[in-house]
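Read through the structure below, which is laid out as structure tokens, and then see the notes.
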Amino acid sequence: MQNKKVRTRFAPSPTGFMHIGNLRTALYEYLVAKSNDGDFVLRIEDTDRERYVDTAVDVIYKTLESAGLQHDEGPDKPKEYGPYVQSERLDMYKPYAEQLIKEGKAYRCFCSKERLESLKDDDTPGGGYDRHCRDLPQEEIDRLLAEGVPYVIRQKMPLDGKTTFTDAVFGEITVENSELQDQILIKTDGYPTYNFANVIDDHTMNITHVVRGSEYLSSTPKYNLLYEAFGWEIPTYIHLPLIMGKDADGNIAKLSKRHGSTGFEDLVNEGYLPQAIINYVALLGWCPENNQEIFTLEELTKAFKIEGISKSPSIFDYDKLEWFNAEYIRRMSADEFTRYAMPYYKEVVKTKDLDWNKVTDILHQRVTKFTQIPEMIDFLEALPEYEADMFVNKKSKTNLENAPVMLSKVTENLKSLESWDKDSIHDCLINLAAELEVKNGTVMWPARIAAAGKKVTPGGAVEILDILGREESLKRLETGLEKLGN
Ligand code: GLU
């Protein structure tokens with residue numbers, strides 16, 4: 001394979017959403033190509049019409065785009081290897097199968113469905129089909145063809161010996177040829193089987209590296225026998241380990257809905273950033289040479305090596321993904337954070353035009369997912385209903401006796417502030433605590449409860465009062481006093 005330009009392909013079937021495993025395949029295909037100055041090709045494998053979902057192609061484009069995995073060729077960027085949609089390639093395949101028939105490497109099989117069904121109960125070697133038509137006399141074939149009996153085209157698998165290949169991740173794999181069925185290449189309707197089409201496609205598209213899930217490992221010897229039958233160069237295979245999930249009881253099982261979202265779009269909707277997802281997914285089965293965890297796509301491209309891919313199943317850990325997400329959020333500039341957060345701000349703060357930079361100040365270091373924001377700041381829109389006993393707090397040494405005293409002093413002093421800003425509010429409250437000879441918390445707690453109406457808030461009394469502004473703050477402090485019976 002020396003000096004051949006590296007070409008990889010992502011070949012999703014448009015069956016619905018983009019599973020995290022598919023995204024990882026796409027990412028590794030991209031990285032194998034880009035780390036070798038190669039091409040990353042998108043091919044849509046849409047021939048399974050029963051599983052076809054109309055909107056799925058769109059999802060594929062959107063996902064690649066938001067994940068930053070730009071393809072060099074594809075249905076929307078055709079180059080000389082097109083078409084890039086399998087259903088548009090359908091008439092390409094049969095001539096290849098006919099070539100194999102001519103060379104004595106494949107044959108027409110006229111067996112009826114009923115006959116094949118009846119074989120299922122036999123212990124026929126080769127897993128089902130007894131190779132009945134493999135050596136039909138030519139006159140018989142001609143007669144059946146003339147009669148228009150439907151047929152499939154099957155490959156003549158070797159009857160003995162072994163097929164061995166080396167996978168870049170799983171190492172050397174050997175199967176006994178006698179275990180391989182004479183696989184169908186072309187179905188009765190003239191269309192190729194998936195096994196046949198993908199080999200023809202990969203070869204005619206000059207694909208050098210095939211990255212796919214390990215569920216394809218057992219089919220690979222069959223693909224190789226096809227490459228050999230044609231005398232074509234076999235691509236480098238990179239099979240990826242399964243992605244697992246952890247059940248509540250600690251058991252490990254194939255990742256599924258019960259573990260959490262398994263689709264890229266769903267994770268994004270849950271508040272994970274595309275870059276954080278990509279970064280995390282990169283490390284699901286691949287290990288850099290050092291212990292670096294945070295990677296841009298560009299850094300991944302530089303660091304990625306096929307040898308770093310592991311064959312042991314990786315566990316999708318939602319907490320770890322959240323950690324990555326938090327890292328990405330923290331590394332944003334305040335402006336960027338505000339831009340991302342704005343739809344979440346507006347979701348709950350509908351009637352007020354707050355100073356959003358100040359809201360960002362109290363949230364930026366606390367948020368691990370943007371979807372947490374509405375619940376964190378809903379009190380800014382309207383004071384929630386709350387009970388007076390919320391003013392009681394042991395650590396701040398507040399109780400129902402001193403809270404009204406503190407709160408009325410706070411209200412009085414804040415009222416006389418000339419300028420309503422963070423520093424002035426801060427100094428005012430701190431000075432008050434000093435003057436009354438109480439802990440700062442004894443002043444701050446009731447002030448914050450009155451301002452927010454809830455115990456857990458991002459930011460303290462000072463920040464919240466500043467954001468709310470003078471008029472709204474004073475109104476809320478009065479409400480607090482009323483609740484305390486003043
Ligand atoms: N269309 C196949 C899938 O989505 C692709 C398998 C392959 O990469 O060859 O599973």
Side-chain angles (χ1 to χ4, degrees), residues 6-33 38-64 67 69 71 73-75 81 83-90 92-93 165 167-170 173 183 185 187 191-227 232 234-243 254-256 262-265 281 285 306 309:
V6 168
R7 287 172 57 83
T8 63
R9 89 295 191 273
F10 177 47
S13 303
T15 54
F17 74 142
M18 178 78 88
H19 189 274
I20 220 65
N22 284 347
L23 180 67
R24 183 186 59 174
T25 302
L27 173 63
Y28 287 14
E29 303 257 14
Y30 174 90
L31 294 174
V32 170
D39 292 332
F40 172 55
V41 179
L42 173 65
R43 180 172 79 223
I44 304 290
E45 298 199 326
D46 60 345
T47 43
D48 185 349
R49 299 316 282 189
E50 267 161 42
R51 289 170 64 219
Y52 183 82
V53 175
D54 235 3
T55 50
V57 176
D58 237 23
V59 172
I60 293 166
Y61 282 121
K62 268 203 216 131
T63 305
L64 291 181
L69 307 179
H71 49 286
E73 291 167 35
Y81 299 100
Y84 293 84
V85 179
Q86 220 166 37
S87 61
E88 293 167 17
R89 299 170 67 82
L90 286 179
M92 285 183 49
Y93 305 106
F165 73 100
D167 179 80
V169 177
F170 285 81
I173 292 184
Q183 61 176 331
L185 309 179
K187 298 180 278 188
Y191 291 151
T193 55
Y194 173 72
N195 283 350
F196 190 52
N198 94 88
V199 168
I200 304 297
D201 288 344
D202 285 343
H203 173 73
T204 54
M205 291 181 158
N206 255 347
I207 299 302
T208 58
H209 293 67
V210 170
V211 183
R212 51 162 75 113
S214 59
E215 66 272 23
Y216 287 93
L217 211 44
S218 61
S219 301
T220 306
K222 296 190 225 165
Y223 303 153
N224 288 348
L225 286 168
L226 274 171
Y227 280 100
W232 293 340
I234 293 174
T236 299
Y237 290 110
I238 302 167
H239 284 91
L240 305 181
L242 280 178
I243 299 179
K254 198 172 162 192
L255 185 69
S256 72
T262 58
F264 175 77
E265 226 181 359
V281 164
I306 296 171
I309 302 175

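Counting starts at 1 for both ligands and their atoms, following the listed order.
- Taking all atoms of both residues into account, the shortest heavy-atom contact from Arg212 to Tyr223 is NH1-CE1, 3.3 Å.
- Taken from OH in Tyr93 to CG in Leu185, the straight-line distance is 13.0 Å, to the nearest 0.5 Å.
- Residue contacts with ligand 1 leave out Phe10, since none of its heavy atoms falls under 4.0 Å from the ligand.
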If you apply the rule side-chain contact (heavy atoms from CB on, under 4.5 Å), what do you find for Leu217 with Phe170, and how did you get there?
CA-CA 9 Å; Leu217 211 44; Phe170 285 81; 3.8 Å; yes
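- Residue-ligand proximity, Ala11 to ligand 1, at heavy-atom distances under 4.0 Å covers atoms 1 (N), 2 (C), 3 (C), 4 (O), 5 (C).
- Between Asn22 and ligand 1, not a single N/O pair is under 3.5 Å apart.
- Below 4.0 Å from some heavy atom of Ser13 lie the following atoms of ligand 1, by number and element: 1 (N), 2 (C), 3 (C), 4 (O).
- The single protein non-hydrogen atom nearest to atom 7 (C) of ligand 1 is Tyr194 OH, 3.2 Å, given as residue, atom name and distance.
- Counting heavy atoms of neighbouring residues, nucleotides and ligands inside a 6.0 Å radius, atom NZ of Lys187 exceeds 12 of them.
- Heavy atoms of other residues, nucleotides or ligands lying less than 6.0 angstrom from OH of Tyr191 number 12 at most.
- Looking at atom 3 (C) of ligand 1, its nearest protein heavy atom turns out to be Tyr216 OH, 3.5 Å.
- For Pro12, no nitrogen or oxygen atom sits less than 3.5 Å from a nitrogen or oxygen atom of ligand 1, counting backbone and side chain alike.
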Mind running side chain to side chain donor-acceptor pair (under 3.5 Å) on Tyr81 and Asn206 for me, showing each step along the way?
CA-CA 8 Å; Tyr81 299 100; Asn206 255 347; 3.1 Å; yes
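- The shortest N or O to N or O distance between Glu45 and ligand 1 is below 3.5 Å.
- The shortest contact between atom 8 (O) of ligand 1 and any protein heavy atom is with Arg9 NH1, 3.0 Å.
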Side chain to side chain donor-acceptor pair (under 3.5 Å) between Asn198 and Glu45, worked out:
CA-CA 9 Å; Asn198 94 88; Glu45 298 199 326; over 6 Å; no
